[in-house]
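What follows is a single structure, written as structure tokens, with notes after it.
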Amino acid sequence: MAFAELLDQVGSLGRFQVLQMVALVAPIMWLTTHNLLENFSGAVPSHRCWVSLLDNSTGQASTPGTLSPEALLTVSVPPGPQQRPHRCRRFRHPQWQLLDTNATAANWSEATTEPCVDGWVYDHSTFTSTIVTQWDLVCDSQGLKPMAQSIFLAGVLVGAAICGHISDRFGRRLVLTWSYLQIATAGTTAAFAPTFPVYCVLRFLVAFAIAAVIMNTATLLMEWTSTPARPLVMTLNALGFSFGQVLLAAMAYGVRDWSMLQLAVSAPFFLSFLYSWWLAESARWLLITGRMTQGLQELQKVASINGKKAAGEALTMEVLLSAMQEELSVGQARVSMSALLCTPGLCHRTCVSTLCWFAFGFTFYGLALNLQALGSNIFLLQFLIGVVDIPAKIGTLMALRYLGRRPTLAGSLLLAGLCILANMLVPHEMEALRSTLAVLGLGGVGAAFTCKNTYSGELFPTVLRMTAVGLGQMMARAGAILGPLVRLLGVHRSWLPLLVYGMVPVLAGLAALLLPETQNLPLPDTLQDVQRQAVKRAAHGTQSHSVLKSTQF
């Protein structure tokens, strides 16, 4: 834990940290647009079958007399749900008898109709183009659209599983730089994808890199910041996701073509790739893994940027070896992922932490389903989601500072779960109350995300930090994938989905109370640091119990 003293010498919250914050959080805003992009690029507009009488000038010329478009639609397309034109079938032959005011097509039969063999006509009043209109992902192919989203979420899950371990082996900045390039290249290419399968593969590659960016951004910010300032830095990082949702609403409102929108949210990562070469590698990771020369260079560079050149010059290899002697003696040994489950003091941290990450991903998608009640304007809805998230995360900063990590995480998860469970008791007619409860629940989810970003890094040592965070991100994405499937329970009982969506965060919030408090503690660097923390807490608990027992006699 001697690195904290070295960081204080070169500056733990100076100009370097400010520049690093701006450089790392700006891409987070654009990254968030990719996470939620298919709310707009995959929007399903109103559509009907293409029919010759309406959509072919030759067919229109052959119609008897002068008929309005409404009349031609009546004889060409049967009525569907809510008496609107059917989206997936058309009459085999024009039903002229339906022009009789006494006739009705309410009882049309399948025999008189056929699928949309000549394609579809889409309503372009909201979006000029989406992936749905590009590849006709409607009717018999409508299942392909959610498949694209599932493939994207699977990409994040796989990326979290692989990139965490790679970052612990080869460094945070190297993986981050490569990930910026991968998002820029795959995202830009996806805007010109010739087929839907190619589009899905490219989105998978984008999602894979997104997981790496999320994890390495948080870890670099944490490992270059002192303990007192860490909640502020991690809250600002979490706010990047909130502002990203607002940014997406604005961009989607201004750019209504899916390929241009895909291009607009991908191209900025080329700039992130270029300036990422300036970013400093984590000196903490460099020193713990024995890369002493590189670690010394990074510390001296940070001292120079922070205006502490003299302190940087005073840092020599001898000083580093003396300060980090204990950590170096144990930190260079190869540590496997199994240590997260086999090391005393780490096993229950790993289990509870991954449960909380799962609850976050699972609950977010559960709340998103309920938020549809806020209105039909998806641009305004997206904007409101981002705006509501901002005060929730700012409030979390205050809670982290004055209440600590454990009660803040537990309270935010319990708030989200109880708000969802309360909606089970509210009639559907009371839309305002249901929306208010949904917004409060969303605030709880946002608070849990902010707290978990800080808490996860503090619970695990440097030698396994990225691996542990990657495992947590995997569980969050697994929850995101499973979350929408819970809707199927509504076939049996309408309240069952809400019950499951609410109970998962409640149980995770109660489990979070089993985690150790890490407020004002230095980041652990080795497995031995974690074990020492556990021994100190056990000794403190025993001493407190003895004092309490002695006062009773």
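Scope of the values below: all heavy atoms of this structure, side chains included, with no hydrogens, waters or symmetry mates. Bear in mind that the values here come from a model prediction, so they are computed numbers and not experimental data.
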Phe364 vs Phe241, test: ring-ring contact (aromatic ring centres under 6.0 Å, His included). Steps then yes/no.
CA-CA 13 Å; Phe364 178 82; Phe241 292 92; over 10 Å; no
Nearest non-hydrogen partners of Ser41 and Tyr199, listed with the distance:
OG-OH, 4.2 Å
Tyr253 ring centre to Arg256 NZ or CZ under 6.0 Å, with the angle to the axis within 45°?
yes
Quick check against the 3.5 Å criterion: does His34 have a side-chain atom that pairs as donor or acceptor with the backbone of Ala207?
no
By the definition side-chain contact (heavy atoms from CB on, under 4.5 Å), identify the one residue from Leu421, Ile420, Leu413 that meets it with Val506.
Leu421
Have Tyr122 and Asp136 got a donor and an acceptor in their side chains that come within less than 3.5 Å?
yes
Between Val44 and His47, the two heavy atoms sitting closest are CG1-CE1, 4.0 Å
Tell me yes or no: between the side chains of Thr450 and Thr396, is some donor less than 3.5 Å from an acceptor?
no
Within this structure, what is the CG-CZ distance for the pair Leu507 and Phe358, rounded to the nearest 0.5 Å?
11.0 Å
Between Lys452 and Ser412, does any side-chain donor sit less than 3.5 Å from a side-chain acceptor?
no
Taking Cys49 and Cys88, which are both Cys, do their SG atoms fall under 2.5 Å of each other?
no
Flag, side chain of Ser179 to backbone of Val213, donor-acceptor distance under 3.5 Å
no
How long is the gap from CZ on Arg230 to OG1 on Thr225, to the nearest 0.5 Å?
7.5 Å
When you measure from the side chain of Arg477 to the backbone N and O of Leu153, does any donor-acceptor pair fall under 3.5 Å?
no
Can you see whether Gln262 engages Trp258 through a side-chain donor-acceptor pair at a distance of less than 3.5 angstrom?
no
Please confirm whether the backbone N or O of Asn216 pairs with a side-chain atom of Thr219, one donor and one acceptor, at under 3.5 Å?
no
Thr33 side chain to Trp30 backbone, donor-acceptor under 3.5 Å:
yes
For Trp357 and Ser456, which I'm curious about, is there any donor-acceptor pair between the side chains at under 3.5 Å?
yes
SG-CZ distance between Cys116 and Arg90, expressed to the nearest 0.5 angstrom:
7.0 Å
Over all heavy atoms of both residues, which pair between Ser129 and Gln134 is shortest? Give the atoms and the distance, please.
OG-OE1, 4.0 Å
Short question: side chain of Lys393, backbone of Ala238 - any donor-acceptor pair under 3.5 Å?
yes
Out of curiosity, Leu400 CG to Thr408 OG1, how far, rounded to the nearest 0.5 Å?
4.5 Å
Any ion pair linking Arg203 and Glu38 (charged N to carboxylate O, less than 4.0 Å)?
yes
Is any side-chain heavy atom of Leu271 closer than 4.5 Å to one of Tyr180?
no
Check the surroundings of atom CZ in Phe383: do more than 12 heavy atoms from other residues, nucleotides or ligands lie under 6.0 Å from it?
no
Contact between Thr363 and Tyr501 at the side-chain level, heavy atoms closer than 4.5 Å - yes or no?
no
Would you find a donor on one side and an acceptor on the other, under 3.5 Å apart, between the side chain of Thr188 and the backbone of Thr185?
no
Leu31 and Phe269: CA distance, side-chain angles, deciding distance, side chain to side chain contact (heavy atoms under 4.5 Å, CB included) verdict
CA-CA 9 Å; Leu31 178 146; Phe269 282 94; 4.0 Å; yes
Okay, side chain of Thr128, backbone of His124: is any donor-acceptor separation there less than 3.5 Å?
no
For the residue pair Phe360 and Cys451, establish whether any side-chain heavy-atom pair is separated by less than 4.5 Å.
no
Can you find a side-chain donor-acceptor pair between Asp389 and Ser242 that sits under 3.5 Å?
yes
Once you round to the nearest 0.5 Å, how far does OG1 of Thr354 lie from CD of Gln473?
12.5 Å
Look only at the side chain of Arg89 and the backbone of Thr113, and say whether a donor-acceptor pair between them is shorter than 3.5 Å.
yes
Gap separating the CG atom of Leu239 from the CG atom of Leu397, nearest 0.5 angstrom
8.5 Å
